[in-house]
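Here's the structure, in structure tokens; my notes come after.
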Protein chains: 2
Amino acid sequence: MPTTTAAQRREQARVKYDAFIRSCPTNQLLDRLSDKWVSLVVAALSTGPMRYSDLSRRLAGVSPKMLTQTLRSLQRDGILTRTVTPSVPVRVDYELTELGASLALLMTAVKAWAETHIEEVHEARDRYDAETENAGAENAGAGSQK
Amino acid sequence: MPTTTAAQRREQARVKYDAFIRSCPTNQLLDRLSDKWVSLVVAALSTGPMRYSDLSRRLAGVSPKMLTQTLRSLQRDGILTRTVTPSVPVRVDYELTELGASLALLMTAVKAWAETHIEEVHEARDRYDAETENAGAENAGAGSQK
DNA sequence: CTGGATCCTCCTAGATACTG
DNA sequence: CAGTATCTAGGAGGATCCAG
């Protein structure tokens, strides 16, 4: 028995790889885009600035916590600006920066790809599910997909 | 007190919104891309087919479970093909489909954006952190970011 | 060699309640 | 109006053992 097991070696590799991955710009961006609310916020703001409560209504179902959290991280990354107007009820406006607008453009490209190829994906899924039904012959309902 | 509280109304909205979001192709794609290993697998396979163990070595630190899970979902979506060669030790090859290659192309675009703008993001982050240090004047270490 | 099945542990989204 | 503070449940990811 060696002093380092396979699992230990893999774990060391994992740590190193993790650092590598995290330093990769592409991965950082992907992580950001993948956030459920980020794309929605960016999309909502792409038509112009909005107030907090506007966003809250537009993104129905978002909890104040998540909305704030999302907005903060995007602000930190320079995707949008937060402007406080100290009127009697406080008023806060959020607006995309140039960088944010550029990101919105990229998301348009992603959207285009998705809409072009989503049908192929669905067909592939149906084919795959049909095949595995033959092989597996157990769980008929293709209910869960994540 | 009305029969539906604010929270209840928001929850109803959440369910509806959730269904809407899930049916959105862009979101489905984003969900897929966001997976930590998906982009790496696609990138690895973009240079040619690979065996399971090759991938396992290439993506250092991935557990067999996650690798298999990732490969399965990509196979289901028609991104790659899985070819079993029933030799004495079984041999399995994974290879990108046309759809997968097209996806790799999209990821190149994403990568380009990321590399072009990552510096702006980092600058924005530094600025933001510097400002909040003044305001907050509490937690100095900017350690956690997700 | 290539995984399937199981258990277990974090981590985070979200609900809830409260404040300037 | 625009958030903050706190708590908890659920799920993703990993370790481990086992099988074809």
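Chain identifiers are assigned alphabetically (A, B, ...) following the order of the sequence lines, protein sequences preceding nucleic acid strands; residue numbering begins at 1 within each chain.
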**Study point:** Side-chain (A/Glu95) to main-chain (A/Gly48) donor-acceptor, under 3.5 angstrom
**Key:**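 No; zero donor-acceptor contacts below 3.5 Å.
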**Study point:** Check: A/Trp37 main-chain N/O paired with A/Asp35 side-chain donor or acceptor under 3.5 Å
**Key:**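 Side chain of A/Asp35 to backbone of A/Trp37, a donor-acceptor pair under 3.5 Å: yes, one is there.
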Point to revise | ring-ring contact (aromatic ring centres under 6.0 Å, His included): pairs with one or both residues in residues 76-133 of chain B, sequence neighbours excluded | key: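 Sorted result for residues 76-133 of chain B: B/Trp113-B/His117.
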Study note, to complete from the structure: B/S/- along nucleotides 3-10 of chain C (protein heavy atoms under 4.0 Å) is SS------
Practice item. Could you tell me whether A/Asp126 and B/Arg76 have a side-chain N and a carboxylate O separated by less than 4.0 Å? Key: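 Salt bridge absent between A/Asp126 and B/Arg76.
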Practice item. Could you tell me whether B/Arg125 and B/Asp129 have a side-chain N and a carboxylate O separated by less than 4.0 Å? Key: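 Salt bridge: no.
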Check your understanding: Do you know the tightest heavy-atom contact between A/Leu33 and A/Met107?
Key ->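 Heavy-atom minimum between the residues: CD2-SD, 3.8 Å.
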Practice item. Identify the two heavy atoms, one from A/Ala109 and one from B/Leu106, that lie closest to each other, and give their separation to 0.1 Å. Key: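 Looks like O-CD1, 4.3 Å.
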Between [X] and [N], is there a side-chain N or O to OP1/OP2 distance below 4.0 Å?
X	N	result
A/Arg51	D/dC1	no
B/Ser53	C/dT2	yes
A/Trp37	C/dT12	no

Exercise for review: Name the closest nucleotide to the B/Pro89 side chain, picking from D/dC1, D/dG14, C/dC1.
Suggested key: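 Selected nucleotide: C/dC1.
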Atom [atom1] of [X] and atom [atom2] of [N]: how far apart are they, to the nearest Å?
X	N	atom1	atom2	value
A/Lys36	C/dT12	NZ	C1'	12 Å
B/Met66	D/dT16	CE	C1'	16 Å
A/Asp35	C/dA13	CG	P	7 Å
A/Leu67	C/dT12	CG	P	19 Å
A/Arg14	D/dA12	CZ	P	18 Å

Review point. Between A/Asp18 and A/Asp54, who's closer to the 5' end of DNA chain D by nearest nucleotide?
Key: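 By nearest-heavy-atom nucleotide position, the 5'-most residue is A/Asp54.
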Practice item. For the helix from C/dC1-D/dG20 to C/dG20-D/dC1, measure the angle between the helix axis at one end and the axis at the other, each built from five pairs, rounding to 10°. Key: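 For the helix from C/dC1-D/dG20 to C/dG20-D/dC1, the axes at opposite ends meet at about 50°.
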Practice item. Determine whether B/Leu103 and B/Leu96 make a side-chain contact, defined as any pair of heavy atoms from C-beta on separated by less than 4.5 Å. Key: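 No, side chains not in contact.
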Practice item. Determine whether more than 12 heavy atoms belonging to other residues, nucleotides or ligands lie under 6.0 Å from atom NZ of B/Lys111. Key: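 Open.
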